[in-house]
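All values below were derived from every heavy atom in this structure, side-chain atoms included, with hydrogens, water molecules and symmetry-related copies excluded.
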Amino acid sequence: MGRYVYLFSFLVLSTLCTSSQVSAEQLNQTQAGVLQKLFSSLQSNFSVPSSRLNNTNANPCLWKGVVCASDGSSEVVRELSFSNFGISSKKSSSLQDLFDILCSLHTLQLLDLSNNQLSSLPDSFFSNCTGLSSLKYLNLSSNVVSKQFPDFSEFGGLEVLDLSFNYLTGTIDNKLDSLTQLKSLNLTSNLLSGTIPLLSSGQKNGTLKELVLSINNFTGTIPNDIFKHRNLTLLDLSQNRLVGPLPDVFNDLSKLEVLLLNANELSGPIPKSLTNLTAFSRFAAYQNNFSGLIPIGLTNYIKVLDLSYNNLTGELPPDLLSTPTLESIDLSNNSLIGTIPWNISHHLYNLRLGWNQLYGCIPTSIGELSYLSYLELDGNKLKGEIPNELGNCKNLTLLNLASNNFESELPLGLGKLSNLVVIKLQMNNFSGRIPNKILTWVNLSTLNFSQNAFSGEIPSQISNLKKLANLNLGGNNLSGSIPSTIGDMSYLNELQLGNNKLSGIIPAMPVSLTTALNLSHNSFSGPIPSSSFVNSRELEVLDLSRNNFSGLVPVSLITLQFLTILDLSNNNLSGTLPNFHSWVNVIITGNALFSREATSNSDHLHLNSKTGNKISTVSLVVIVGSFVNGIIASFCLAFLITACLKKPVGTDNEHNRTQGTMRRLSVETPSLDRYLEMVKRWQYAARVEGPWQQRRYMTPIERYRALALYD
């Protein structure tokens, strides 16, 4: 559904009953017979269990999903709600009979068949269902209906129509023009195409209040006639293929509360008329091509604003963050300049200004935001120290100040952020020791202090962060040994300690360590300790390169069944290399020479020391030939994968958004880090962006092949 999940609120119809209490009148005998036939069909033809139907009472008005009301002389059926009853379209004849029965209930005003397994609907329901002329509420959402968008000319009295989360196709054209009383229309998450429907029949009387057309394939521009529905409170056109500017005619929509336009290709400036909407509370237009300045007064009445991933320029308006009602604002990934305003709403819980060109310092007034939960200022040109007042934001869950020019030591006030889950301070100029007093974040899951100038030892208190899953201290000046209690961190799955000055004994790693362990570019020496890694049997990447390890490669490393990369390069190793699985990419450059020796007991690669036997000419030819063939094969594999992956897994917009990040990775981090970043992106794409039937993680061989692009 994108970055936000909204609540689509159906209108309460004043003409409908709200309870199934029965008056002194009895249910109309004709309708009693219809209900008997209807429930019998549900039970026999659609296998709805009797326990769910609850139809044993002698009065049908007390059956599950039935609401009756008096018409003056007797009880009549007003509402039928069969949501989540397990009704499917397996038997088309039975489905036809079911809808024929429904069409005979001429007093019915509400019909809810949502959350079932309907894959089709009888054509006669739309063309010949004259008995439901009184129907005001029709909900067929969250089924699997796959058909051309039907004509609703037979349902002129509808006030609420919900067809969301189906597989409807085709264009809407004028198929809804007869719905002159329509108040709420929800067509989200279908396969509809063509232009935005005008719904012109409801413009004169102004009945339409909620229009939701998101997650479809609508194209073209936003028509001006949409804004003639002067009583609109909710307009959602997000995740389509709309282009062009946003019409500056919002003065006519004085009741508009929510406007969602995200994930389109809209362009041009943000309309100034939006600043005059006194009922306006939420505006999301992220992932578009809007440009120009942010209008002054845009947040006069807004509670939630998201204009991230656009091309907005200029400085932040001085009043942008000061509106007392403002609760959330996201302007990340634009081209905004200037400083962060000091006057900030005390009700703000979400402040995201990352990846702009902001400069200056973080205002100390940030400490007055007691509701602040998410603060992202990464990827700017901010400098100075982190204000100690930030520690007053007791509800802070996410703190991301990465990729700026911050310096000095970390303030002890950070230790008061007891609710912190993610802290990212990488790629700054922080220095000094990592204070023990700040390592009190009992809920912390991700800590990234990499690419700074921290010195001293890794604090032993870091192992008190029992929920920590990702720890990255790489690229600093840390010395000493790894705390021996690191093995007690039962949630830790990734540990990055490369590019430091660490030495001493490598302690036993935790069982939970599965993604990566990077100890490269340090000063570890002596034999590789086999006991350090035996617990982490699901570890995928192990990097011990550029140290001073010597002696044999432990055979116990073979037990790491999920290992895909083992980097032992640039050490002083000798002896035999165990026979790893074929999918393991073992990097051994910068050690002694290797040759293959076949024996009856094992098949090992041998490291020959300077005093060892010389390799025979034949063996040397084989080795060189194999090496050349390997290079050619790797080149071909990389070429094929590159050709296949030229189009990214996500959308074109997603591809454009990640280019800056990937370029930075290619320049400023080792190839292994770039590989890990790509693995995470592939995993996310496969898990979130693919069809739900195909959501999965990358297999080891897919990860291995991905390395060819970034090694």
Go through the side-chain N and O atoms of [X] and [Y] and say whether any donor and acceptor fall under 3.5 Å apart.
X: N380; Y: W355; answer: no
X: K381; Y: N404; answer: no
X: N262; Y: Y286; answer: yes

Within 6.0 angstrom of K383 NZ, more than 12 heavy atoms from elsewhere: no
Residue Y374 excluded, over 12 heavy atoms near OH under 6.0 Å: no
Pairs satisfying side chain to side chain donor-acceptor pair (under 3.5 Å), at least one member in residues 477-488, at least two apart: S463-T485
Side chain to side chain donor-acceptor pair (under 3.5 Å) pairs, two or more places apart, involving residues 524-535: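 Non-adjacent pairs meeting side chain to side chain donor-acceptor pair (under 3.5 Å): zero.
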Parallel, tilted or perpendicular: rings of F430 and F454 (30°, 60°):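 Taking F430 first and then F454, their aromatic rings lie parallel (interplane angle under 30°).
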Whether H347 and Y371 hold their rings parallel, tilted or perpendicular, with breakpoints at 30° and 60°: parallel
Nearest-0.5 Å distance that lies between atom OG in S403 and atom CD in Q426: 6.0 Å
Any pair counted as salt bridge (Lys or Arg N to Asp or Glu O under 4.0 Å), so long as it reaches residues 338-350, sequence neighbours left out: none
Check: H521 main-chain N/O paired with N499 side-chain donor or acceptor under 3.5 Å: no
pair L568-I587: side-chain heavy atoms closer than 4.5 Å: no
Name each donor-acceptor pair under 3.5 Å that joins a side chain in residues 501-512 to protein atoms two or more places apart or in another chain, with its distance.
| unit_1 | atom_1 | unit_2 | atom_2 | d |
| --- | --- | --- | --- | --- |
| S512 | OG | M489 | O | 3.3 |
| S512 | OG | S490 | O | 3.2 |
| S512 | OG | L492 | N | 3.1 |
| S512 | OG | L492 | O | 2.5 |

Contacts of E376 that satisfy salt bridge (charged side-chain N to carboxylate O under 4.0 Å, His left out) - sequence neighbours left out: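 Counting only residues at least two positions away or on another chain, E376 forms a salt bridge (charged side-chain N to carboxylate O under 4.0 Å, His left out) with R352.
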Identify all side-chain donor-acceptor contacts of residues 547-562 below 3.5 Å with residues at least two apart in sequence or on another chain.
| unit_1 | atom_1 | unit_2 | atom_2 | d |
| --- | --- | --- | --- | --- |
| N547 | OD1 | N522 | N | 3.3 |
| N547 | OD1 | S523 | N | 3.3 |
| N547 | OD1 | F524 | N | 3.1 |
| N547 | ND2 | L519 | O | 3.0 |
| N547 | ND2 | L544 | O | 3.2 |
| N547 | ND2 | S545 | O | 3.1 |
| T559 | OG1 | S556 | O | 2.5 |
| Q561 | OE1 | H581 | NE2 | 3.2 |
| Q561 | NE2 | I558 | O | 3.4 |

